Amino acid sequence: MSLYENIKTRVTNQLVEAANSAQAAGELKFEELPYFVLEEPRERQHGDLATNLAMVLAKQAKRSPREIATTLIKHLDTTGTWIESSEIAGAGFINFRLNPLWLTNVIGEVINAGGLYGQVDIGKGQKIQVEFVSANPTGLLHMGNARGAALGDSLASLLSAAGYEVSREFYINDTGNQIHNFALSLEARYLQQLGQEAPFPEGGYHGEDLIDTVKGLIVKVGDKYLAVEPELRREFLVRYALDEKMRDIRETLQDFGVEYDVWFNEQSLHDSGAVRSTMEELEKKGYIYEKEGALWLKSTLLGDEKDEVVVRSNGTPTYFAADIAYHRNKFERGFNRVINIWGSDHHGHVARLKGAMSALGYDPDNLQIILMQLVRLIQNGEVVKMSKRSGQYITLRELMDEVGKDAARFFFNLRDPDSTVDFDMDLARAQSSDNPVYYVQYAHARLCSILRQAEELGDAGVPPLEEDLNRLDSSEERDLLKKMADLPSEIIVAARLMEPHRLARYVLDLAGLFHTFYNSQRVLVDDVGLRRARLSLVKAVKQIISNVLGILGVSAPERM
RNA sequence: GCGCCUGUAGCUCAGUUGGAUAGAGCAUCUGCCUUCUAAGCAGGUUGUCGGGGGUUCGAAUCUCUCCAGGCGCACCA
């Protein structure tokens with residue numbers, strides 16, 4: 001447990017003790033201690049820690065919050081808490097001031113932990129799977145996928161930092177209707193490229209990339225497939241194109257900093273009979289019925305608005321059927337929790353998939369679906385409808401080429417997944433140097449620069465004396481140290497809420513506090529003791545920035 | 001029509017189970033490079049937290065309702 005968490009826990013416990021002992025002394029009446037918070041107040045003048053305990057007790061105790069606060073302080077034992085003074089403020093807050101010396105201990109804690117500073121263990125090794133992007137391999141990755149990739153990958157890293165055993169997975173939809181359409185589109189392009197009259201299929205994929213794929217193929221095999229039976233021809237074309245698309249998807253994601261543990265094929269669920277056996281299982285449990293020649297899942301029994309088809313009247317299973325089998329498979333693989341990141345356009349699917357899981361005997365709460373709102377494309381001030389079918393979209397590759405991986409990942413991770421993003425490429429290009437990511441990276445480069453010069457002075461590895469550390473007592477240094485001490489709590493909150501964007505905000509704040517410190521105080525001063533103390537601070541800040549940027553998948557450059 | 005999400009400064013957005021004077025970046029104005037990186041710092045300006053009611057000692061946060069925008073409501077995925 002980190003220093004800061006430790007102090008907070010101690011103070012919280014002592015507050016509970018104080019309330020109990022006041023009650024025992026007959027000075028305070030309450031049935032059950034209500035939930036209260038102990039937190040760092042926003043305003044510095046309110047001290048280092050504040051609690052609302054007196055206020056939440058007011059109702060039960062039938063006394064004014066300020067009176068209760070007085071009683072609580074009287075009974076509070078502050079030994080071992082670093083508390084130096086307590087005061088009552090505002091409507092009945094109790095504000096605590098800590099002995100400033102506790103803060104400097106943070107530096108040693110960071111330096112000892114190194115790359116592990118910030119790691120906590122609320123996960124206790126539980127197995128979590130995060131499935132994200134899972135884009136159809138019928139086109140290139142686009143902006144929506146970029147958002148999913150940034151969010152999913154950072155979430156996975158965050159959970160891992162919080163003590164979970166995390167597996168990243170990509171589900172490949174390599175079968176079904178859309179693949180059929182894909183095949184027809186490829187065939188049309190192939191024939192057209194070879195000068196044949198070929199109508200483009202309705203609902204086909206219009207993207208330019210498909211033409212490129214076919215052109216590349218023709219270079220290799222020429223018109224060899226002109227004379228082949230259409231069905232075989234399509235099968236060949238699809239296999240070739242899927243292979244190429246998946247290779248591109250893998251490479252693009254890798255360049256975006258995403259490494260998957262598992263690439264899972266939908267086809268394998270059909271081949272292994274998992275789809276069939278899952279449907280049989282549901283049927284056995286009485287959740288399947290037949291209507292108009294199709295098999296339906298009674299999802300209304302499971303909280304959905306209407307029943308869903310799982311096997312069409314022509315005998316083929318729907319995507320939903322495969323998805324049920326897929327998620328059953330995930331739980332069978334032993335994951336305690338399974339997280340999916342989906343675009344908000346899939347939200348209608350949430351209730352029925354969770355319902356299907358509970359029908360199969362799994363706790364639907366262990367399937368958590370994060371819906372992120374869509375990325376809307378703006379061109380010349382107007383919304384452009386993005387679609388793979390129409391071929392109208394900005395690719396992840398273009399995004400990286402235009403604004404860079406770091407700026408792109410930071411851009412998405414600065415936002416709550418619940419907010420719709422309007423993305424204007426012209427604006428992004430023009431403002432790319434304004435991206436806050438550079439503010440953070442610049443702080444890191446500055447820190448590195450100081451450390452390089454310290455090395456020349458021969459100071460690099462020399463630990464400061466404790467008495468010198470205690471000289472880091474300016475308001476800039478104290479604010480910085482507090483923020484540093486806060487990282488483990490930030491990780492806990494962010495992991496619990498599954499919100500990696502909190503870390504982007506955190507590291508932005510930290511960088512800001514460092515820049516302020518940098519401009520107000522010099523690190524490489526003549527006073528050796530003070531210099532070494534400040535250097536250790538610099539080293540620790542650099543470590544934290546690099547750790548947090550690592551979670552966000554953003555690089556920490558040593559020079560800029 | 002029903003369901004989910006959103007509405008906070010001129011713009012883009014933060015704001016953990018309700019807390020103290022609602023924050024940051026961009027924009028704009030004023031200062032700061034003969035000392036560790038000015039992609040920086042300090043300061044100024046900027047608000048009916050979409051509107052209205054309710055709960056509460058206290059509401060941007062909870063609740064009801066209305067308004068505006070996005071997404072969804074297939075034998076597509």
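Just so it is clear: chains get the letters A, B, ... in the order the sequence lines come, proteins before strands, and each one is counted from 1. Predicted model only: the values in this text are computed from it and were never measured.
Nearest-nucleotide assignment on RNA chain B puts the 5′-proximal partner with Arg415(A), out of Ala445(A) and Arg415(A). Both Ala511(A) and Leu447(A) sit near RNA chain B, but only Leu447(A) has its closest nucleotide nearer the 5' end.
Remark: P of rA14(B) and CD of Glu490(A) are 16 Å apart, rounded to the nearest angstrom.
Look at the P atom in both rC73(B) and rA27(B): the space between them is 41 Å, to the nearest Å. Going from the P atom of rG44(B) to that of rA24(B) covers 11 Å, rounded to whole Å. A gap of 15 Å separates the P atoms of rC13(B) and rG50(B), to the nearest Å. rU46(B) and rG54(B) are spaced 32 Å apart, taking the C1' atom of each and rounding to whole Å. As rounded to the nearest Å, rU55(B) and rU63(B) have C1' atoms that lie 7 Å from one another. Spacing between rA60(B) and rC49(B) at atom P, rounded to whole Å, works out to 8 Å. Nucleotides rA74(B) and rA68(B) have their C1' atoms positioned 29 Å apart, rounded to a whole Å. Rounded to the nearest Å, the gap between the P atom of rU37(B) and that of rA20(B) is 40 Å.
Checked against the 6.0 Å centroid criterion, the rings of His347(A) and Trp342(A) do not qualify as a close aromatic pair. For Tyr438(A) and Phe410(A), the ring centers are positioned 6.0 Å apart or more. In this structure, His501(A) has its ring center at least 6.0 angstrom away from the ring center of Phe412(A).
At a cut-off of 3.5 angstrom, counting only N and O atoms as typed in the model, there is a donor on one side and an acceptor on the other between the side-chain of His347(A) and the base of rG3(B).
Between Arg312(A) and rA77(B), a side-chain N or O to OP1/OP2 separation shorter than 4.0 Å is present. Side-chain N/O atoms of Arg446(A) include one lying less than 4.0 angstrom from OP1 or OP2 on rA38(B). For the OP1/OP2 pair of rU37(B) and a distance below 4.0 Å, the side-chain nitrogens and oxygens of Ser449(A) include at least one atom meeting the criterion. Proximity of Tyr438(A) to the phosphate of rA39(B): no side-chain N or O atom is located under 4.0 Å from OP1 or OP2. The phosphate of rA14(B) (OP1 or OP2) has a side-chain N or O of Ser419(A) nearer than 4.0 angstrom.
By the rule that a glycosidic angle within 90° of 0 means syn, rC71(B) does not qualify and counts as anti.
Across every strand in view, rA59(B) sits unpaired, with no contact that passes the Watson-Crick or G-U test at under 3.5 angstrom. Within the shown strands, rC29(B) is the pairing partner of rG43(B) under the Watson-Crick or G-U definition, both distances less than 3.5 Å. For rC49(B), there is no paired base (Watson-Crick or G-U wobble, both distances below 3.5 Å). Using Watson-Crick or G-U wobble geometry with both donor-acceptor distances under 3.5 Å, rA14(B) finds no partner in any strand shown. Nucleotide rC2(B) is matched to rG72(B) when pairs are restricted to Watson-Crick or G-U wobble geometry with both distances under 3.5 angstrom.
Across all strands shown, His501(A) has heavy atoms under 4.0 Å from sugar-phosphate atoms exclusively, and none from any base. Within the 4.0 angstrom heavy-atom criterion, base atoms lie near Ser313(A). Among the protein residues, His515(A) comes within range of the sugar-phosphate backbone only, with heavy atoms under 4.0 Å from sugar or phosphate atoms but none that close to a base. Counting any heavy atom pair closer than 4.0 Å across all strands shown, Asp345(A) reaches sugar-phosphate atoms only and no base atom. Within 4.0 Å of Gln441(A), counting heavy atoms only, lies no atom of the nucleic acid at all. Residue contacts shown for Ala494(A) are absent, as no nucleic acid heavy atom lies under 4.0 Å away. Looking at heavy-atom distances under 4.0 Å, Glu456(A) makes no contact with the nucleic acid at all. Asp323(A) comes within 4.0 angstrom of no nucleic acid atom, judged by non-hydrogen atoms across all strands. Residue contacts shown for Ala294(A) include a base, since a base heavy atom lies under 4.0 Å away. In this structure, Asn435(A) reaches neither bases nor backbone, as no heavy-atom distance under 4.0 Å exists between it and the strands shown. When heavy atoms are screened at a 4.0 angstrom cut-off, Ser433(A) is found touching no nucleic acid atom at all. Ala50(A) comes within 4.0 angstrom of a base, heavy atoms only.
Between Asp509(A) and Lys483(A), at least one side-chain nitrogen of the basic residue sits less than 4.0 Å from a carboxylate oxygen of the acidic one, meeting the salt-bridge criterion. A salt bridge does not link Arg97(A) with Asp48(A): none of the charged nitrogens is closer than 4.0 Å to a carboxylate oxygen.
Residues from residues 518-528 of chain A with heavy atoms under 4.0 angstrom of RNA chain B, sorted by number: Tyr518(A), Asn519(A), Gln521(A), Arg522(A), Val523(A), Leu524(A).
Under a cutoff of 6.0 Å and an axis angle of 45°, Arg446(A) and Tyr518(A) form a cation-pi pair. A cation-pi contact, defined as under 6.0 Å to the ring centre and within 45° of the axis, is absent between Arg502(A) and Tyr506(A).
Residues Ser154(A) and Arg409(A) bring a donor and an acceptor atom of their side chains to less than 3.5 Å of each other.
With sequence neighbours left out, the salt bridge (Lys or Arg N to Asp or Glu O under 4.0 Å) criterion links Asp468(A) to Arg471(A).
Between the CZ atom of Phe170(A) and the CD atom of Glu131(A) there is a distance of 9.0 Å, given to the nearest 0.5 Å.
Here Phe93(A) lies parallel enough and close enough to stack on the base of rA20(B), with planes under 30° and ring centres under 5.5 Å apart.
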